[in-house]
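The next block holds one structure in the form of structure tokens; read it before the comments.
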Amino acid sequence: MNATRDIDLSADLGEGSACEDEIWPLIGSANVACGGHTGDAASMREAVRFARLHSVRLGAHPSYPDREHFGRRSMDLPSEELRRSLISQVTTLRDIATEEGVRLRHVKPHGALYNDLHLDAKRATVVADAMLEVDPSLSIVCGETSAMAAVAQQRGLRIIREAFADRRYTPDGSLVSRSDPRACLGIEDAAEQARLLAREGCVVTVDGSRLPLEFDTLCVHADMENAVARLQAIRSALFDR
């Protein structure tokens, strides 16, 4: 890979972070919370309008129905209950986007659901079923080697391979849990991880090994301390000569 290639920077937004207004102009794609872990009609509409203003590709960011724990706790829900919840979340954002003249392009699961989908093909099938019911043209954002990627391709859904600039990985390609103090990278470490991904297509995992990662979008988080400064450092690492 080459750091000068056209890299799509993305962020998870509509989550109430104070700095979100500053994040929108710096990214190409957004994943918007749609009620599962946080978000309501007003926050979704505001996010859709920002996406339209800054020509940002709009995606849904559904989660387990777990507002109490911000979607960061795995839930053992019946498949049909999870499917109905995901359909409701994505449809709500899609309908608001349609009213605002914006197309919903992709879906990226949030938090614990995203992590569970790395290895759990059964849950990945539920997500795929929900997406196919809402709109088969939607793409799914996931890790390249995840169970979600495999199931999506089997079901005919397009995948958008995601890597994270500001989160530490385990050797199996999943993210280090946020309960671990090593999970979130500081400004300089995040910029270096972005540079390594762009130039060599890999990250250094929590045990010091190198993990190859192919990606189509590079995610940063708006809910971390110094999010704007971190994103600016990442952009500088990727795009400044």
Side-chain angles (χ1 to χ4, degrees), residues 10-17 20 29-48 50-51 58-100 102 104-136 138-143 146-149 151-152 155 157 159-160 162 164 167 174-179 183-184 219 221-224:
S10 56
D12 304 333
L13 297 172
E15 296 180 330
S17 299
E20 286 197 7
S29 298
N31 315 301
V32 173
C34 41
H37 63 292
T38 191
D40 55 23
S43 66
M44 285 183 249
R45 192 171 300 277
E46 180 182 47
V48 168
F50 270 116
L58 179 69
H61 198 35
S63 75
Y64 288 121
D66 178 27
R67 297 176 74 91
E68 180 181 359
H69 299 96
F70 202 72
R72 290 178 177 157
R73 181 189 64 173
S74 183
M75 299 180 72
D76 187 18
L77 299 177
S79 295
E80 181 58 21
E81 182 179 346
L82 177 58
R83 188 184 71 86
R84 287 198 305 267
S85 177
L86 295 172
I87 289 172
S88 176
Q89 292 177 59
V90 176
T91 299
T92 298
L93 179 60
R94 182 202 62 188
D95 290 349
I96 290 172
T98 299
E99 292 171 6
E100 296 292 335
V102 177
L104 185 68
R105 295 176 178 270
H106 62 268
V107 172
K108 176 193 169 182
H110 164 81
L113 179 58
Y114 185 100
N115 288 342
D116 288 344
L117 295 172
H118 187 73
L119 296 175
D120 192 330
K122 180 179 178 181
R123 293 188 207 204
T125 299
V126 175
V127 174
D129 286 344
M131 290 179 58
L132 287 166
E133 182 163 338
V134 174
D135 183 351
L138 290 170
S139 301
I140 180 75
V141 178
C142 55
S146 66
M148 185 70 251
V151 169
R155 301 298 299 278
L157 290 167
I159 66 168
I160 298 173
E162 182 178 49
F164 291 85
R167 292 289 306 277
S174 59
L175 297 176
V176 174
S177 169
R178 285 213 189 204
S179 63
C184 300
C219 184
H221 287 87
D223 63 345
M224 290 164 55

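Below, all heavy atoms of this structure are taken into account, side chains as well, without hydrogens, waters or symmetry copies.
Listed for the R83 side chain is no donor-acceptor partner under 3.5 Å among the backbone atoms of V127. A donor-acceptor pair is defined here as one N or O able to donate and one able to accept, closer than 3.5 Å; no such pair exists between the side chain of E162 and the backbone of C219. Of the possible donor and acceptor atoms, one in the side chain of S146 sits under 3.5 Å from a partner among the backbone N and O of A149. With R167 contributing its side chain and A183 its backbone, the two residues share a donor-acceptor pair below 3.5 Å. Judged by distance alone, the side chain of S88 and the main-chain N or O of S85 form no donor-acceptor pair under 3.5 Å. A donor-acceptor pair under 3.5 Å is absent between the side-chain atoms of E133 and the main chain of I87, judged by distance alone. The backbone N or O of G14 sits less than 3.5 Å from a side-chain atom of E20, completing a donor-acceptor pair.
Using a 30° and 60° split on the angle between ring planes, H110 and H37 fall in the parallel class, below 30°. Using a 30° and 60° split on the angle between ring planes, H221 and F164 fall in the parallel class, below 30°.
With sequence neighbours left out, R155 forms a side-chain contact (heavy atoms from CB on, under 4.5 Å) with T125, A128, D129, L132, V151. Listed by chain and residue number, nothing satisfies the salt bridge (Lys or Arg N to Asp or Glu O under 4.0 Å) test with R94 (two or more places apart in sequence, or in another chain). With sequence neighbours excluded, the residues satisfying side-chain contact (heavy atoms from CB on, under 4.5 Å) with R45 are R49, I96, E99, E100.
Residue R123 holds its CZ atom at 8.0 Å from CG of L117, rounded to the nearest 0.5 Å. A distance of 12.0 Å separates OG of S63 from NZ of K108, quoted to the nearest 0.5 Å. Between the CG atom of D135 and the CZ atom of R105 there is a distance of 11.5 Å, given to the nearest 0.5 Å. Note: N31 CG to D12 CG = 5.0 Å, rounded to the nearest 0.5 Å. In this structure, the separation between CZ on R67 and OG1 on T38 is 5.0 Å, given to the nearest 0.5 Å.
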| query | So D223 and R72, salt bridge (charged side-chain N to carboxylate O under 4.0 Å, His left out) or not? Walk me through it. | reply | CA-CA 13 Å; D223 63 345; R72 290 178 177 157; 2.7 Å; yes
| request: Please lay out, stage by stage, how V90 and L138 fare under the test side chain to side chain contact (heavy atoms under 4.5 Å, CB included). | output: CA-CA 10 Å; V90 176; L138 290 170; 4.2 Å; yes
| said: Please determine whether side chain to side chain contact (heavy atoms under 4.5 Å, CB included) holds for the pair L13 and F50, giving the CA-CA distance in whole Å, both sets of side-chain angles, and the decisive distance to 0.1 Å. | reply: CA-CA 10 Å; L13 297 172; F50 270 116; over 6 Å; no
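The two atoms that bring A33 and E15 nearest to each other are CB-CG, 3.9 Å, heavy atoms only.
Using modelled atom types and a 3.5 Å distance limit, the side chains of H118 and N115 yield no donor-acceptor pair.
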